[in-house]
Amino acid sequence: MERLDVPVNETWDLTLIYKNKDEFFEDEKRAQSLLSSLRERKDCFTKSKEDFHTFYEDYVTLSHLLSKMYEYAHLNTDVEPGNQDYQLLLSHILTLFDQFENNLDFMNVEIIKNKEAIEKYLEDNSFDLYRYQIKQILREEKHMLSQEMETLLSKMSPIANTGEQIFDALRLEYEDVIVDGERKTLNSATLNEFLKNPSQEVRKQAYEKFYKEYKRYENVFALTLADCMKKDAFYADVRHFNDPLDYSLWDDDVPRELFYKILDKANKDYRPLFHRYNKLKKELLKLDTLYNYDLFTPLVKPSVKRYSIDECFNIILDVTSVFGEEYTDIIKKARDERWIDYHPTKGKATGAYSAGCYDTKPYILTNFIGDYDSLSTLIHELGHSCHTYLSCKYQDPANSDYRIFVAEVASTVNETLLINHMISHAKSDEEKAYFLYEFLENCVGLIFRQPMYAQFEDTLHQWAKDHIPMNASKITSLYDKINKEYYGEDVTNNQYVGHSCFYIPHFYYNYYVYKYTLGMTVALAIVSRILNHDSQQVEQYLSFLKSGGSMSPIDLLKKAGVDPLDDKIYDDAFHYFEHLLNMFEEIMKRGEKDVKE
């Protein structure tokens with residue numbers, strides 16, 4: 001579909017940010033002026049309480065101005081990548097971000113150098129809005145380097161992420177898959193569809209033709225992945241952290257024990273549940289050998305029901321009504337004020353996301369095709385957008401941005417409420433089984449598979465820290481071994497399993513995947529309480545959404561009524577998975593019995 005063919009009311013309205021590019025360039029001039037002014041105050045901004053307050057206020061203003069400009073540029077380029085005017089705007093703002101980082105690299109150093117004076121300033125009520133953020137800077141003291149070193153690291157930033165950039169730039173080509181004598185295109189978008197094909201031979205073809213290309217270029221990918229690990233180890237070392245994990249967790253402001261608690265619960269305490277699920281898959285698929293490429297084969301006939309955009313919103317408003325009128329009004333605004341760009345069009349970014357900042361609407365990009373996944377994706381992204389909207393409404397600019405660490409909670413709560421709604425409203429065992437299966441697969445991806453990924457990347461980071469040489473054979477052998485242990489004896493690894501690690505983008509980031517597990521675990525705890533009519537939980541959850549980034553992630557989650565350091569949260573989540581598995585197994589075995597009779 002061409003973009004011009006999409007009804008205007010089903011595209012987002014970015015004129016709510018800037019009416020035209022002239023307004024963008026006016027803000028660019030304002031940003032340049034603020035940046036110059038901040039730079040000129042380098043040697044005097046901590047001299048007095050008033051000087052420091054004005055400086056930090058201007059710094060926050062500039063930060064949010066840049067965010068506004070970036071959102072306008074990147075949202076436009078994501079739906080019209082061929083528009084060179086928008087590409088130019090994106091280039092302008094990315095250049096301005098580099099200038100911002102390089103020209104203000106002195107700020108944290110000076111704040112820490114004058115720590116005693118700054119702490120005295122913070123006692124004044126005028127710093128109420130900025131106190132938490134500035135204290136976050138002060139806690140960097142033991143990891144802050146000299147001004148010369150900070151400037152050097154700042155200038156290294158554009159080249160430090162070369163590994164991730166190479167991964168993003170690599171575009172492999174794959175042999176066609178033969179389905180019923182017809183050639184079908186294989187790529188990252190079609191792989192999952194082939195893996196759902198009823199024919200095991202088609203599944204095997206697709207898997208092997210896809211991942212053998214990663215084996216072909218295994219040395220390139222191994223060097224790229226190892227480079228990312230070494231980069232994280234380098235920064236951890238020069239900033240005086242014990243290892244890359246501590247370095248990553250420092251930014252999230254969470255304790256080390258949380259990371260390993262998540263891994264231990266999934267990788268040790270409750271792994272037998274995952275093995276049981278895989279054994280059930282093998283039985284239901286009636287396969288003598290269940291290969292890893294068979295795991296995506298639907299156990300239940302996919303739903304053919306289609307949903308219009310209006311029907312989706314009716315369901316979503318019904319599901320989220322538990323949060324009250326203020327929450328549902330935000331969802332109505334999203335529809336009425338055109339925050340959402342719905343349809344897949346030529347050149348449009350794939351997937352879905354929610355993006356916005358203090359000075360914009362929390363926009364949503366999605367590729368809506370009217371199936372259940374489209375409905376689920378929409379309520380997921382609306383969870384993010386409602387979180388952003390409430391954070392910006394109830395917090396000042398300095399405290400409105402919440403960390404990525406807690407970002408997945410709001411979206412996963414919405415998605416989990418939706419699937420429970422669909423299960424409870426199912427009109428037949430077959431329909432109920434479909435939604436239970438969708439729910440189980442979602443849980444598997446988040447509370448089991450992500451901790452496996454986290455275990456793998458933690459090992460690679462430790463190798464980098466200890467200067468243990470890494471090559472393709474060592475990396476792929478490790479990944480193959482972890483998969484064997486993780487999936488259990490009922491799943492047989494294909495020869496390319498080890499090389500599939502090169503395809504997963506999150507391995508090229510710094511300790512990210514465990515956050516998905518946390519989001520799902522917390523969401524399951526919150527939703528189970530809501531479904532048990534715990535009105536206090538609803539109030540606590542809404543308070544969390546309104547708190548933005550005004551406190552540490554752990555304290556934010558405690559405000560939501562869930563303590564991520566408490567074993568009970570994880571026990572409840574995995575027991576809920578077990579409950580779902582019991583229901584699903586009962587329905588499926590009852591269905592098999594009915595067929596035999």
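Numbering starts at 1 and runs along the sequence shown. Values below: every heavy atom of this structure, side chains too, minus hydrogens, waters and symmetry copies.
- Listed for the Asp572 side chain is no donor-acceptor partner under 3.5 Å among the backbone atoms of Ile569.
- Ring geometry, Tyr516 versus His506: the interplanar angle exceeds 60°, so the pair is classed perpendicular (tilted spans 30 to 60°).
- Around NZ of Lys281, the count of heavy atoms belonging to other residues, nucleotides or ligands within 6.0 Å exceeds 12.
- Side-chain N/O atoms of Asp232 and His461 include a donor and acceptor closer than 3.5 Å.
- Checked by atom type, the side-chain pair Asp124/Ser126 shows a donor-acceptor distance below 3.5 Å.
- Stacking of Arg203 on the aromatic ring of Tyr293 is not recorded, the 6.0 Å distance cut-off and the 45° axial limit not both being met.
- By the 4.0 Å N-to-carboxylate-O rule, Asp269 lies close enough to Lys265 to be salt-bridged with it.
- Between the side chains of Ser248 and Tyr512, no donor N or O sits under 3.5 Å from an acceptor N or O.
- Donor-acceptor pairing under 3.5 Å is recorded for the side chains of Ser552 and Asp555.
- The pair Asp246-Arg256 meets the salt-bridge criterion, with a side-chain N (NZ, NE, NH1 or NH2) lying under 4.0 Å from an Asp/Glu carboxylate O.
- Under a cutoff of 6.0 Å and an axis angle of 45°, Lys68 and Tyr72 do not form a cation-pi pair.
- Geometrically, Lys196 does not engage Phe296 in a cation-pi contact, judged by NZ or CZ lying under 6.0 Å from the ring centre and within 45° of the ring axis.
- Here the OG atom belonging to Ser528 is positioned 12.5 Å from the NE2 atom belonging to His575, to the nearest 0.5 angstrom.
- Ring pair Tyr363/Trp12 is perpendicular by interplanar angle, where above 60° counts as perpendicular and below 30° as parallel.
- Judged purely by distance below 3.5 Å, without hydrogens or angles, the side chains of Glu415 and Ser376 pair a donor atom with an acceptor atom.
- For the ring pair (Phe, Tyr, Trp, His ring centres under 6.0 Å) with Phe577, the qualifying choice from Tyr270, Phe439, Phe448, Phe274 is Phe448, the only one to do so.
- Remark: side-chain polar atoms of Arg271 are not paired, donor with acceptor, to backbone N or O of Ala266 under 3.5 angstrom.
- The pair Lys589-Glu283 meets the salt-bridge criterion, since a charged nitrogen lies less than 4.0 angstrom from a carboxylate oxygen.
- Neither side chain, Arg306 nor Tyr372, offers a donor N or O lying under 3.5 Å from an acceptor on the other.
- Note on Asp251 versus Arg403: no salt bridge recorded, every NZ/NE/NH1/NH2 to OD/OE distance being 4.0 Å or above.
- Ring-plane geometry between Phe544 and His387 is classed as tilted, the angle between the planes lying from 30 to 60 degrees on a 0 to 90 degree scale.
- The 12-atom threshold is exceeded at CD of Gln136, counting heavy atoms of other residues, nucleotides or ligands nearer than 6.0 Å.
- Taking a cutoff of 4.0 Å between a charged side-chain nitrogen and a carboxylate oxygen, Lys546 and Glu326 qualify as a salt bridge.
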